[in-house]
Each structure stands twice: as C-alpha cells, then as structure tokens.
Amino acid sequence: MSALAPSPLAIVDAEPLPRQEEVLTDAALAFVAELHRQFTPRRDELLARRAERRAEIARTSTLDFLPETAAVREDDSWKVAPAPAALNDRRVEITGPTDRKMTINALNSGAKVWLADFEDASAPTWENVVLGQLNLTDAYERRIDFTDERSGKSYALKGADELATVVMRPRGWHLDERHLQVEGRAVPGALVDFGLYFFHNAKRLIELGKGPYFYLPKTESYLEARLWNDIFVFAQDYVGIPQGTVRATVLIETITAAYQMEEILYELRDHASGLNAGRWDYLFSIVKNFRDGGSKFVLPDRNLVTMTAPFMRAYTELLVRTCHKRDAHAIGGMAAFIPSRKDAEVNKVAFEKVANDKDREAGDGFDGSWVAHPDLVPIAMKSFDAVLGDKPNQKDRLREDVSVAPGDLIAIDSLDAKPTYDGLVNAVQVGIRYIEAWLRGLGAVAIFNLMEDAATAEISRSQIWQWINAGVVFETGETATADLARKVAAEELAAIREEIGDEAFASGKWQQAHDLLLQVSLDADYADFLTLPAYEQLR
C-alpha cells in the first residue's frame with residue numbers, strides 16, 4: 001500500500017477576505033504544509049531548549065561565549081556569501097507594517113531598504129497576515145496604486161530604480177498561526193509568513209533584479225539560525241531557484257544571541273547578509289533572562305538606557321567587529337521619532353537627537369541604520385553619506401580595536417541611572433496605549449511622538465514586573481508594588497477616558513488592554529512573550 005499523502009492545510013475559523021484566493025492557492029498551501037511537516041518538530045525542540053537555557057541562567061546569573069563553538073570563532077578563514085547588488089548599500093532602512101499605504105510610502109521613501117514587517121510592527125490578525133502578502137505581490141506587479149476614500153489623497157509608486165529593496169520579516173518562532181492548521185495543529189507563524197511570501201515572490205523578485213531577502217527576529221541561538229538555513233536550502237530546491245539566492249539578516253535582539261553572533265553568521269554563511277542591533281527587544285531579553293539575578297540586573301527607565309550605556313556599547317561594537325570580520329553588513333538601531341505637524345520646536349530637538357545618534361553609528365562602523373518615518377530618511381542618509389561617501393558600505397573597517405569580555409555584555413550595573421516613579425508611569429501609559437491598538441489590529445502605533453511596536457510593550461511590562469519583584473524604591477520614597485502599579489494603571493485609564501471622551505473610550509479596547517498589561521506585569525509566572533496571551537484575545 002502506498003503512503004498516504006500529507007494532510008492538506010486547513011483554513012480554520014477565518015472570515016473570507018477579498019482576493020485571498022490569490023494568496024492561499026492550493027500550491028502555496030501545499031508548500032507551507034510541507035514546511036510544517038519537515039521543520040515544526042525542530043522548532044518545538046528549539047523552543048524547549050530556550051526554556052532549558054533560561055533555567056540555567058536562573059541558576060548561574062551569567063552567560064559566556066560557548067566553549068563548544070570556539071573553533072568557529074577562532075577560524076579566520078570563513079566569510080559570508082558576497083552581498084547581492086540590491087543589498088550592498090543599506091545605509092538607511094525604513095521599517096513598517098505591510099498595509100497598502102505604508103507599502104507605497106516605504107518603497108517611495110528614499111531609503112535603500114524597507115523592512116516589510118509581519119512581526120513586531122504588525123498585529124497578526126488574519127486580515128494583516130493575508131492582505132499584507134497581497135500588498136507586497138501587488139507592489140512587485142505595480143498594481144498597488146490607490147486613492148484614500150477618506151482623505152481623497154492618491155498614492156502611487158515611483159519608478160522602479162527609485163524604490164527601496166524589500167527585506168521581509170516573518171513572525172518569531174514562538175508564535176503560531178491559529179487560522180492555518182494541519183491535523184488540528186496550528187502552523188508556526190514564521191513558516192506561514194515565510195512560506196507564502198517565498199512561494200509567490202521568489203522567482204518574481206529574481207526577475208526584478210533582486211531576490212527573496214529576510215530579516216530573522218528574536219533568534220536566541222546558532223541552532224535556530226541552522227534551522228532557518230535548512231529551511232532556505234529546502235525552499236530554494238522546492239521552487240527551483242539557485243542555492244544562495246536567499247539572503248537573511250539576523251536581528252541580534254536577545255542577550256543569548258549576543259554571545260553567538262559569529263556562530264549565527266557561520267550557520268547562515270551561504271545565505272547571510274548581516275546582523276542588526278535591536279534595542280528594545282534586547283533590553284526585554286536581558287530582563288527576561290536575568291529577572292531573578294538580583295539588584296545588579298535591574299534596569300533603569302528604558303529611556304535612560306541609551307546606546308552609549310557601557311553594556312550597550314559593548315554589544316554594538318562587538319556586533320560591528322563580528323560582522324566586518326566575516327564580510328557581513330552591520331545595521332544599527334531604530335530612530336523611532338514621529339515628526340509633529342504642529343510643533344516645530346519638538347521636531348528641531350528630536351531631529352538633532354536623531355542626527356547625533358546616526359552620526360555615532362556611522363562613526364562606529366555601522367553600514368546602515370533604521371528609521372520609522374520617511375521624514376527621518378534624509379537625516380540618517382546625511383550621517384552615513386558623510387562617512388561612506390560613494391562607498392556602498394564600510395565593511396573594510398574591521399574594528400580590531402574592539403575587545404569585549406563576556407561580563408561586559410551583562411554589566412547592567414555599569415550604568416549610572418536608577419528606576420524612577422515617572423518611568424513607572426511611562427511604562428504603564430505606553431503599555432496600555434500600545435496593547436489597546438494591538439488588540440484592534442494595529443502593530444505600529446504613534447505614542448507621545450514615537451513609533452512604538454510590540455518590543456516597546458514587552459520592555460514596558462518587563463520593567464514593571466522586574467521593579468516590583470526587586471522591591472525597587474523610587475526617588476519619591478514609594479516602593480514598586482503590585483498595588484502601586486494598579487493605582488497608576490487606574491489613573492491612566494481615567495486620564496485616557498478624559499482625553500478621548502466616553503464614546504471613543506467605550507468603542508475601544510481600553511479596559512481589556514489595562515487588564516492584560518496588569519496580568520503580564522503582575523503575574524508571579526512571567527509570560528515569555530506578551531503577544532502569546534494577547535493573541536488569544538486578538539479577533
């Protein structure tokens with residue numbers, strides 16, 4: 001008897017969407033089902049390894065470079081694959097979700113790269129997951145132009161040679177896609193996002209002189225990078241394109257990955273194009289992993305942890321040195337400021353900060369950096385132009401002057417700053433406002449003139465949790481307690497109602513957001529990711 005064919009992928013509990021049949025074709029779903037069959041068991045094992053590593057950190061309160069991979073680090077002969085032409089100059093990258101308006105604005109922004117985000121800047125509603133894919137394909141087919149019914153404003157793509165190169169970011173390994181299942185088992189969101197995009201666009205992108213390029217989020221180990229590499233090898237064979245066509249940039253946004261940068265590049269060396277320094281998720285990862293390590297691991301207010309803090313400096317300089325040693329791009333962090341249409345003085349101060357930040361990154365050897373808004377593209381471009389000139393990157397700056405010891409990356413107490421009561425208030429304010437928008441399907445949200453995404457909410461709730469569990473005493477004399485957090489949250493909820501009015505308050509998800517923030521900030525069992533309980537409430 002011949003073997004039964006693998007069960008087809010089922011669409012579960014999802015309202016039909018316009019044009020979804022263009023994305024959810026039988027052939028594309030068969031590819032995603034095959035990715036699931038081949039690779040989800042390894043994904044599950046790697047998630048279990050994360051928990052084991054976290055338990056080890058809880059026992060030891062330390063991390064070190066891995067002795068078992070010393071040979072990889074000490075071998076100076078290997079390099080990553082040469083950058084394709086479309087990814088050789090990455091001096092400014094813009095990030096954002098894949099809604100129709102953002103797709104056009106990001107591609108037209110003047111940035112060299114657009115990080116098309118299905119991860120932290122996108123709440124994973126079924127609509128965002130499917131229609132985001134459709135928008136990218138429409139952009140490649142140049143059929144995405146539209147007029148906004150409310151404003152009457154028209155949006156249209158510029159000429160092909162003026163458009164940013166797309167680097168797509170799928171969801172992290174921890175998130176499943178409940179609407180796509182095989183034999184009752186949800187498929188990992190990462191495989192859904194990658195699979196649909198790759199299947200529909202890999203050949204199309206090659207014809208456009210580019211390729212299927214990816215940002216890989218929340219990687220915690222070189223074994224997770226190895227899994228992605230095996231997925232790339234399988235996928236390229238499946239659709240019949242040359243091996244090495246895929247390129248991946250890995251976000252070093254977890255503290256464990258910071259100790260394995262060379263190993264991560266090595267595992268992906270035939271497909272790697274660089275590493276990125278992501279600030280909020282990195283701080284969130286430090287709190288998550290060292291949350292029971294005592295007072296020396298207590299972070300001050302997130303806005304006081306700048307990239308010039310000694311332990312952040314160690315992280316970014318090690319990243320640049322590691323990338324350039326292996327001929328990979330080093331991409332800097334986010335400028336999240338959103339220009340005000342009303343306050344020129346606010347803009348002046350913020351633009352100056354952005355310029356200083358990008359000047360520092362370019363001076364440190366980064367090959368490019370991120371911005372969240374098109375108005376910041378010229379500012380960041382000026383900083384990198386001043387250092388790069390006509391060169392596409394500065395990978396020839398090897399930064400051999402950099403020497404980072406294992407303890408430098410976790411020397412949190414080297415920062416001369418303490419948690420403040422205002423920091424608690426800000427964490428609650430931003431947490432509630434972001435989660436409320438996320439529950440309505442928005443993943444990139446302007447809050448207090450900053451573009452915030454899920455990483456913001458993660459660091460906010462993690463700091464509340466850490467300060468309470470560490471018994472932090474604020475400069476006001478008040479101790480961080482669950483009752484104090486509840487009091488601040490109640491005051492914020494009342495302030496929001498006052499600010500927006502009863503009708504808008506009632507039509508939003510404010511109480512739900514308030515309750516969820518307190519749940520993940522106050523529960524004795526720290527949730528690995530805020531988005532896991534939040535996804536249960538996302539409709």
Side-chain angles (χ1 to χ4, degrees), residues 31-32 34-50 53 66 68-69 71-73 75 77-84 87 115 118-119 167-174 187-199 201-202 205-206 210-254 256-276 319 322-323 325-331:
F31 176 59
V32 173
E34 190 59 23
L35 289 173
H36 173 71
R37 190 179 72 79
Q38 296 247 10
F39 299 108
T40 296
R42 277 176 62 192
R43 189 284 307 244
D44 295 344
E45 290 170 11
L46 289 167
L47 290 184
R49 286 182 75 105
R50 286 183 178 183
R53 193 182 314 107
L66 301 178
E68 63 267 30
T69 54
V72 170
R73 296 192 300 276
D75 179 357
S77 67
W78 64 269
K79 300 280 189 284
V80 303
L87 276 182
L115 188 161
F118 286 85
E119 200 232 0
V167 180
M168 184 273 228
R169 179 163 71 167
R171 278 169 280 183
W173 280 127
H174 60 288
V187 178
L191 296 181
V192 172
D193 299 339
F194 166 80
L196 292 174
Y197 180 75
F198 182 89
F199 186 84
N201 298 302
L205 284 161
I206 293 168
K210 299 189 177 183
Y213 306 143
F214 299 93
Y215 257 111
L216 304 181
K218 296 181 175 56
T219 299
E220 295 198 14
S221 74
Y222 73 94
L223 294 175
E224 294 179 18
R226 181 181 294 172
L227 173 58
W228 270 119
N229 197 71
D230 290 347
I231 289 167
F232 297 154
V233 170
F234 172 82
Q236 289 165 130
D237 280 348
Y238 190 99
V239 303
I241 62 174
Q243 287 296 329
T245 306
V246 169
R247 284 293 187 278
T249 306
V250 180
L251 292 113
I252 302 299
E253 55 186 354
T254 67
T256 50
Y259 287 85
Q260 301 179 39
M261 292 190 218
E262 289 196 76
E263 294 90 329
I264 286 167
L265 285 175
Y266 181 78
E267 294 295 340
L268 285 158
R269 60 195 178 280
D270 294 334
H271 301 105
S273 61
L275 303 176
N276 167 274
L319 188 145
T322 301
C323 285
K325 177 182 177 184
R326 305 303 180 182
D327 202 32
H329 283 77
I331 308 298

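For clarity, every value in this text was computed on a predicted model and none was experimentally measured. Position 1 is the first residue of the sequence; numbering continues from there.
- Annotation: side chain of L87 is not in contact with side chain of H329 (no heavy-atom distance under 4.5 Å).
- A distance of 9.0 Å separates CG of L227 from OG1 of T40, quoted to the nearest 0.5 Å.
- What you find for P170 and D193 is that their closest heavy atoms are CB-CB, 3.6 Å.
- Checked by atom type and distance alone, the side chain of N201 pairs as donor or acceptor with a backbone atom of Y197 at under 3.5 Å.
- Heavy atoms only, all atoms of each residue included: Q243 and D237 are closest at NE2-OD1, 2.9 Å.
- Going from atom CG of L319 over to atom CG of L275 covers 5.0 Å, rounded to the nearest 0.5 Å.
- Taking CD from E263 and CG from L223, the interatomic distance works out to 10.0 Å, rounded to the nearest 0.5 Å.
- Taking 4.5 Å as the limit, some side-chain heavy atom of L191 sits within range of a side-chain heavy atom of I231.
- To the nearest 0.5 Å, the span separating CD1 on I264 from CZ on R226 amounts to 12.0 Å.
- Here CZ of R73 is found 10.5 Å from CZ of R326. Values are rounded to the nearest 0.5 Å.
- Residues S221 and Q260 come closest through the heavy atom pair CA-OE1, 3.3 Å.
- For the pair Y213/L205, no side-chain contact is recorded, criterion being any heavy-atom separation below 4.5 Å from C-beta on.
- Considering only heavy atoms from C-beta on, F198 comes within 4.5 Å of I241 through its side chain.
- Shown here are the ring-ring contact (aromatic ring centres under 6.0 Å, His included) partners of W228, two or more places apart in sequence or in another chain: W173, F194, F232.
- Contacts of R247 classified as salt bridge (Lys or Arg N to Asp or Glu O under 4.0 Å), with partners at least two apart in sequence or in another chain: none.
- Using a 4.5 Å heavy-atom threshold, the side chains of Y215 and L251 count as touching.
- For H271, the side-chain hydrogen bond (donor to acceptor under 3.5 Å, both in side chains) partners are N229, Q236, not counting sequence neighbours.
- With sequence neighbours left out, F31 forms a ring-ring contact (aromatic ring centres under 6.0 Å, His included) with F199, Y238.
- Judged by distance alone, the side chain of R171 and the main-chain N or O of V192 form no donor-acceptor pair under 3.5 Å.
- For the pair L268/V80, no side-chain contact is recorded, criterion being any heavy-atom separation below 4.5 Å from C-beta on.
- Rounding to the nearest 0.5 Å gives a distance of 9.5 Å between CD of E267 and OG1 of T69.
- The salt bridge (charged side-chain N to carboxylate O under 4.0 Å, His left out) contacts involving residues 211-220 comprise R50-E220, R53-E220, E119-K218, D120-K218, K218-D281, where partners must be two or more places apart or lie in separate chains.
- Between D230 and R42, the shortest heavy-atom contact is OD2-NH1, 2.8 Å.
- Heavy atoms only, all atoms of each residue included: A248 and L216 are closest at CB-CD1, 3.8 Å.
- A cation-pi contact, defined as under 6.0 Å to the ring centre and within 45° of the axis, links R269 to Y266.
- Contact between L35 and G195 at its shortest, heavy atoms only, is CD1-CA, 3.7 Å.
- Not a single ring-ring contact (aromatic ring centres under 6.0 Å, His included) links F118 to another residue, sequence neighbours left out.
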